[in-house]
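Take a look at the structure below.
Small disclaimer: the values here were computed from a predicted structure and weren't measured. In what follows, residues are counted from 1 in the order of the sequence shown.
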Amino acid sequence: MIKKIEHIGIAVKSVQSANEIYKKLLGVNPYKSEEVESEMVITSFFKTGENKVELLEAKSPESAISKFIEKRGEGIHHIAFEVDDIISEMENLKNLGFTLLSDKPKRGADNKLICFVHPKSANGVLVELCQEIK
Ligand code: CMX
């Protein structure tokens with residue numbers, strides 16, 4: 001079952017300069033910066049109340065973030081929903097007709113197992129499922 005929005009991902013050209021903007025906007029410093037090699041991104045996380053914002057910068061022109069910025073410019077890239085059991089939620093969504101971007105969960109940033117749902121099967125929104133690694 002999907003529990004809540006875990007974070008919103010924002011594609012940026014430079015995490016370093018976007019950090020300065022989001023520090024001013026949210027009034028807090030990022031609590032973590034992490035490179036995710038498998039996704040070819042560098043990330044930065046902010047907490048605002050119970051919610052999180054993830055800034056994502058491409059580390060390679062092959063990264064999904066590079067392609068996104070090239071096509072659509074900087075902006076909201078994905079919405080991540082927290083789940084307790086990612087494997088059963090993936091199975092559930094697959095049975096409901098959603099297109100998943102991987103057969104198995106992958107290791108994502110911020111100590112999570114993740115899987116994406118194609119934006120074409122969710123009204124133009126890239127959806128991420130994430131489960132905390134205990
Ligand atoms: N949100 C909404 N639509 C998106 C999108 C996004 N984030 N990314 C791509 N699209 C749209 C494109 O605009 C395009 O639409 P049109 O056909 O109408 O032009 C369509 O999806 C296909 O886009 P594309 O540029 O041809 O890109 P691909 O099909 O090669 O890839 C996608 C799209 C979603 C499969 C790919 O970006 C992907 O695998 N994403 C998941 C992985 C990811 O985003 N990793 C980044 C880091 C994540 C993290 O660590 O948090």
- Task: Would you indicate whether the side-chain heavy atoms of Lys47 and Val28 approach each other to under 4.5 Å?
- Result: no

- Connected to Val41, directly or through other members, by ILVMFWY side-chain contacts below 4.5 Å are Val36, Leu56, Ile65, Phe68, Ile69

- Task: Decide yes or no for Leu93 and Leu129: does some side-chain heavy atom of the first lie under 4.5 Å from some side-chain heavy atom of the second?
- Result: yes

- Quick one: side chain to side chain contact (heavy atoms under 4.5 Å, CB included) partners of Lys94, sequence neighbours excluded? Glu91, Leu100

- Query: Counting only heavy atoms not in Ile87, do more than 12 sit closer than 6.0 Å to its CD1 atom?
  - Reply: no

- Main-chain N/O of Val83 paired to Glu89 side chain as donor or acceptor, under 3.5 Å: no

- Item | Shortest non-hydrogen contact between Ile42 and Lys59, atoms and distance | CG2-CD, 3.6 Å

- Task: Could you list the residues that satisfy side-chain hydrogen bond (donor to acceptor under 3.5 Å, both in side chains) with Asn51, not counting sequence neighbours?
- Result: none

- Message: Do Tyr22 and Thr48 have side chains that approach each other closer than 4.5 Å (heavy atoms only, starting at C-beta)?
- Response: no

- Message: Once side chain to side chain contact (heavy atoms under 4.5 Å, CB included) is applied, do any residues pair with Asn111, and if so which ones, sequence neighbours excluded?
- Response: Arg107, Glu132, Ile133

- Task: Please confirm whether the backbone N or O of Leu55 pairs with a side-chain atom of Thr43, one donor and one acceptor, at under 3.5 Å?
- Result: no

- Task: Specify the closest pair of heavy atoms between Cys130 and Ala80, including all atoms of both residues, with the distance to one decimal.
- Result: SG-CB, 4.3 Å

- Task: Return the set of residues passing side-chain hydrogen bond (donor to acceptor under 3.5 Å, both in side chains) with Lys71 (not counting sequence neighbours), or none when no residue passes.
- Result: none

- Task: Indicate whether the side chain of Asn19 and that of Gln16 have a donor and an acceptor atom separated by less than 3.5 Å.
- Result: no

- Message: For Lys104, give me all partners under side chain to side chain contact (heavy atoms under 4.5 Å, CB included), at least two apart in sequence or on another chain.
- Response: none

- Qualifying residues under salt bridge (Lys or Arg N to Asp or Glu O under 4.0 Å), relative to Glu6, sequence neighbours excluded: Lys52, Lys112

- Does any pair with a residue in residues 92-131 pass ring pair (Phe, Tyr, Trp, His ring centres under 6.0 Å), and if so which ones, sequence neighbours excluded? His78-Phe116

- Task: Decide if atom CG of Asp103 counts as having more than 12 heavy atoms of other residues, nucleotides or ligands within a radius under 6.0 Å.
- Result: no

- Item | Pairwise side-chain contact, Pro30 with Phe45, heavy-atom cut-off 4.5 Å (strictly under) | no

- Task: Identify the two heavy atoms, one from Lys3 and one from Asp84, that lie closest to each other, and give their separation to 0.1 Å.
- Result: NZ-OD1, 3.0 Å

- Query: Which heavy atom of Ser14 sits nearest a heavy atom of Glu74, and at what distance?
  - Reply: N-OE2, 4.5 Å

- Item | salt bridge (Lys or Arg N to Asp or Glu O under 4.0 Å) against Asp85, all qualifying residues, sequence neighbours excluded | none

- Query: Which atoms form the tightest heavy-atom contact between Val127 and Ala122, and what is the distance?
  - Reply: CG2-CB, 4.1 Å

- Note: Ser63 and Glu39 closest approach over all heavy atoms is OG-O, 3.6 Å

- With sequence neighbours excluded, what pairs up with Ile79 under the side chain to side chain contact (heavy atoms under 4.5 Å, CB included) test? Ile5, Phe81, Val125

- Query: Which residues pass the side-chain hydrogen bond (donor to acceptor under 3.5 Å, both in side chains) test with Glu20, sequence neighbours left out?
  - Reply: Lys23

- Message: Pair His7, Glu128 - check side chain to side chain contact (heavy atoms under 4.5 Å, CB included), show working.
- Response: CA-CA 9 Å; His7 65 265; Glu128 178 184 322; 3.6 Å; yes

- Message: My understanding is that only residues two or more places apart in sequence, or in another chain, count here; which of them pass side-chain hydrogen bond (donor to acceptor under 3.5 Å, both in side chains) with Lys13?
- Response: none

- Item | Heavy-atom donor-acceptor pair, Glu57 side chain to Val15 backbone, under 3.5 Å | yes

